[in-house]
S.K.: 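Below you'll find the structure I mean.
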Number of protein chains: 2
Amino acid sequence: MNVKKTRTPRGKRDSTDAEAGTGDAQTTPPNSRTLQKEATRAAILQSALLIFSERGFDGGSTRDIAAHAGVHHALIKYYFGSKDTLWRAAVTFLFERQAAEMSFEPPAAAATAKSRLSRRDHAREILRQYVLYCARHPEHARLMMQESLRDSERLQWAADTFISGTASRAERFVQMLQREGVLPDVSVPALVYIIVGSAQLFYTLAPEVRRVWGIDPADEAVTAAHVEALLAVLVR
Amino acid sequence: MNVKKTRTPRGKRDSTDAEAGTGDAQTTPPNSRTLQKEATRAAILQSALLIFSERGFDGGSTRDIAAHAGVHHALIKYYFGSKDTLWRAAVTFLFERQAAEMSFEPPAAAATAKSRLSRRDHAREILRQYVLYCARHPEHARLMMQESLRDSERLQWAADTFISGTASRAERFVQMLQREGVLPDVSVPALVYIIVGSAQLFYTLAPEVRRVWGIDPADEAVTAAHVEALLAVLVR
DNA sequence: AAACTCATTATACAAATGGTTAATCAAAGC
DNA sequence: GCTTTGATTAACCATTTGTATAATGAGTTT
């Protein structure tokens with residue numbers, strides 16, 4: 001990461017490339033200062049995602065996060081208030097990005113495709129999108145897993161704020177597939193965790209996969225093989 | 001946990017129930033002292049399993065482990081040398097217990113049953129045993145997962161010492177099922193992680209499952225439903 | 001160019017943590 | 001009963017960690 005604004009003595013930034021993204025209108029044209037502020041905040045958030053996802057909330061120190069982002073650790077309080085708030089901001093970022101990149105529940109949205117694609121093909125496409133998301137952003141599952149394997153106030157907050165909604169969409173998705181005969185008529189929560197587990201684990205445990213199997217889940221070909229395997233097993 | 005030997009002033013134990021397990025022979029009859037030593041060591045190890053599995057290596061402090069075991073934290077050095085050695089002892093315990101409780105690879109061992117049970121039924125039985133193991137000892141997958149989602153010296157050690165062997169057995173198991181037409185002819189590593197993930201996640205994320213779905217994976221009925229779902233999906 | 005804002009840094013502090021050492025004290029051996 | 005052994009405890013240390021506060025200085029405004 002590292003903001004590394006080609007620092008002059010202290011936090012001075014070279015305003016050469018500062019005027020890059022003037023996409024917005026009216027609302028006060030972004031100063032080099034507000035731009036830099038945004039960059040610093042984003043750098044901290046991204047570093048927090050990485051550190052928290054690999055070491056957990058307790059294991060990841062704010063100083064490590066700041067160092068990885070190339071900023072002073074006091075800026076974490078300045079921008080996010082506390083370690084806890086930073087963690088919540090990271091989780092919020094993850095779920096909002098997921099919502100933006102993936103419409104897990106297009107059973108209704110992509111209804112137009114229903115005519116051309118069979119329900120089975122439709123299920124395949126959704127699952128494929130989900131696996132690709134897991135491959136693209138493995139830190140999402142990693143960070144959430146760190147919190148979900150023990151009960152805590154953070155898990156409670158995440159469950160109420162984000163996980164429950166995602167779970168509801170997954171539940172409807174599974175029930176739809178059951179009605180269509182794609183999935184067997186068994187426990188829905190079990191099916192959800194079977195699908196999620198079989199899609200996620202290969203990427204959350206990528207370090208183990210590399211070391212034990214000598215392949216890299218980040219490789220496109222490897223991911224393609226995983227998608228093929230998952231679809232062959234799940235969608236009968 | 002808590003050793004809690006009904007302590008008199010200091011580490012004194014009531015020798016009433018001390019002579020409980022005199023099963024062994026010759027090799028110096030277990031003193032009340034050696035018995036207590038074994039109990040203390042076991043208590044520390046069990047507490048380490050719990051704490052490490054829930055908070056990870058960095059997040060779990062030796063003082064918390066000692067407190068949970070009801071002993072002084074200096075005893076961790078006395079019995080295990082260091083936090084790192086304690087962690088390795090915990091991992092060793094996990095894999096040895098797994099080997100004792102589960103013969104994941106009876107494709108050859110239980111060959112006698114091949115005559116009575118079909119290969120498909122045999123696969124079902126193995127998978128069922130594995131799910132039940134995950135349900136019985138969720139801390140195994142939790143603790144290993146904590147280490148496997150980032151590369152470290154500990155992961156390297158665990159991979160070389162235990163995971164590789166388990167992976168080989170799983171690989172042979174999957175290949176056998178492929179030959180029998182139970183599993184599709186796709187990437188073996190992908191299949192392994194699909195199977196493991198669909199079996200484990202429901203129990204490693206039990207706190208999330210309880211909170212989000214209102215069911216407890218530790219319930220026998222819930223586990224039975226999960227086994228049914230897993231077999232319905234995986235064994236065609 | 002001077003005054004002002006505020007993003008950034010320096011510094012401090014109490015608590016927690018892994019590790020170490022010496023003291024203690026009950027059990028084992030004589 | 002007395003000594004020895006060793007499991008347990010107390011006290012200590014250096015480091016890390018989250019948080020807080022004041023100083024600083026570059027960018028903005030007038």
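Chain A is the first sequence line, chain B the second, and so forth, proteins listed ahead of strands; every chain is numbered from 1.
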S.K.: Would you kindly give the CG-to-C1' distance between A:L35 and C:dC6, to the nearest whole Å?
M.R.: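 Atom-to-atom, A:L35 to C:dC6, this comes out as 16 Å.
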S.K.: Would you mind telling me which of C:dT9, D:dT9, C:dG19 lies closest to the side-chain atoms of B:L75?
M.R.: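 For the B:L75 side chain, the nearest candidate turns out to be D:dT9.
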S.K.: Which whole-number value in Å describes the distance from B:R63 CZ to D:dA10 C1'?
M.R.: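 Whole-Å distance recorded here is 12 Å.
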S.K.: Going by atom types only, do B:Y193 and B:Q200 share a side-chain donor-acceptor pair under 3.5 Å?
M.R.: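 No donor-acceptor contact under 3.5 Å links the two side chains.
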S.K.: Write down the distance between NZ (B:K83) and C1' (C:dT17), rounded to a whole number of angstrom.
M.R.: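 Rounded to whole Å, this separation is 8 Å.
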S.K.: What do you reckon, are the aromatic ring centroids of B:H226 and B:Y203 less than 6.0 Å apart?
M.R.: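 Yes, the ring centres sit under 6.0 Å apart.
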S.K.: Would you indicate which nucleotide in C:dT17, C:dT20, C:dT8 comes nearest to any side-chain atom of A:T40?
M.R.: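 When the side chain of A:T40 is considered, C:dT8 is the closest of C:dT17, C:dT20, C:dT8.
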S.K.: Is a side-chain donor-acceptor pair under 3.5 Å present for B:Q36 with B:T40?
M.R.: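 Yes - a donor-acceptor pair under 3.5 Å links their side chains.
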S.K.: Please report, rounded to the nearest Å, how far the P atom of D:dT17 is from the CD1 atom of A:I65.
M.R.: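 The answer, rounded to whole Å, is 11 Å.
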S.K.: Check the distance between C:dA16's C1' and B:I76's CD1 and give it to me in whole angstrom.
M.R.: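 From B:I76 CD1 to C:dA16 C1': 15 Å.
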S.K.: Under 4.0 Å: is that the gap between some side-chain N or O of A:Q36 and OP1 or OP2 of C:dT8?
M.R.: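 So the side-chain polar atoms of A:Q36 do come within 4.0 Å of the phosphate oxygens OP1 or OP2 of C:dT8, strictly under.
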S.K.: Which heavy atom of A:E147 sits nearest to which heavy atom of A:F57, and what is that distance?
M.R.: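 Looking at all heavy atoms of both residues, the closest pair is OE2-CB, 3.3 Å.
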S.K.: Over how many whole Å does the gap from B:Y79 atom OH to D:dT9 atom C1' extend?
M.R.: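 Result: 13 Å.
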S.K.: How close or far is atom P of C:dA22 from atom NE2 of B:H72, stated in whole angstroms?
M.R.: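 Rounding to the nearest Å, NE2 of B:H72 and P of C:dA22 are 16 Å apart.
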S.K.: Does C:dG19 have OP1 or OP2 under 4.0 Å away from a side-chain N or O of B:T62?
M.R.: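 Result: no.
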S.K.: With rounding to the nearest 0.5 Å, note down the distance linking CD1 in A:I65 to CD in A:Q46.
M.R.: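 If we round to the nearest 0.5 Å, A:I65:CD1 and A:Q46:CD are 12.0 Å apart.
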S.K.: What is the nucleic acid contact for B:G81, judged by heavy atoms within less than 4.0 Å: base, sugar-phosphate only, or nothing?
M.R.: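 Answer is nothing: B:G81 stays at 4.0 Å or more from every strand.
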S.K.: Could you please name the option among C:dG18, D:dT21, C:dT20 that lies closest to any side-chain atom of B:S61?
M.R.: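 Nearest to the side chain of B:S61 among the choices is C:dG18.
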S.K.: May I have the distance from B:W87 (atom CH2) to C:dT17 (atom C1'), rounded to whole angstrom?
M.R.: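 It works out to 20 Å between those atoms.
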S.K.: Closest approach to the side chain of A:A74, judged atom by atom: which nucleotide of D:dT9, C:dT9, C:dG19 is it?
M.R.: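 Looking only at heavy atoms from C-beta outward on A:A74, the closest nucleotide is C:dT9.
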S.K.: Below the 4.0 Å mark, does C:dG19 have OP1 or OP2 next to a side-chain nitrogen or oxygen of B:K77?
M.R.: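 So the side-chain polar atoms of B:K77 never come under 4.0 Å of the phosphate oxygens OP1 or OP2 of C:dG19.
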S.K.: Contact class for A:G59 (heavy atom, under 4.0 Å): base, sugar-phosphate, or nothing?
M.R.: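 Nothing, no nucleic acid heavy atom in range.
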S.K.: Nearest to the side chain of B:H73 - C:dG19, C:dG18, C:dT8?
M.R.: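 Given the options C:dG19, C:dG18, C:dT8, the side chain of B:H73 is closest to C:dG19.
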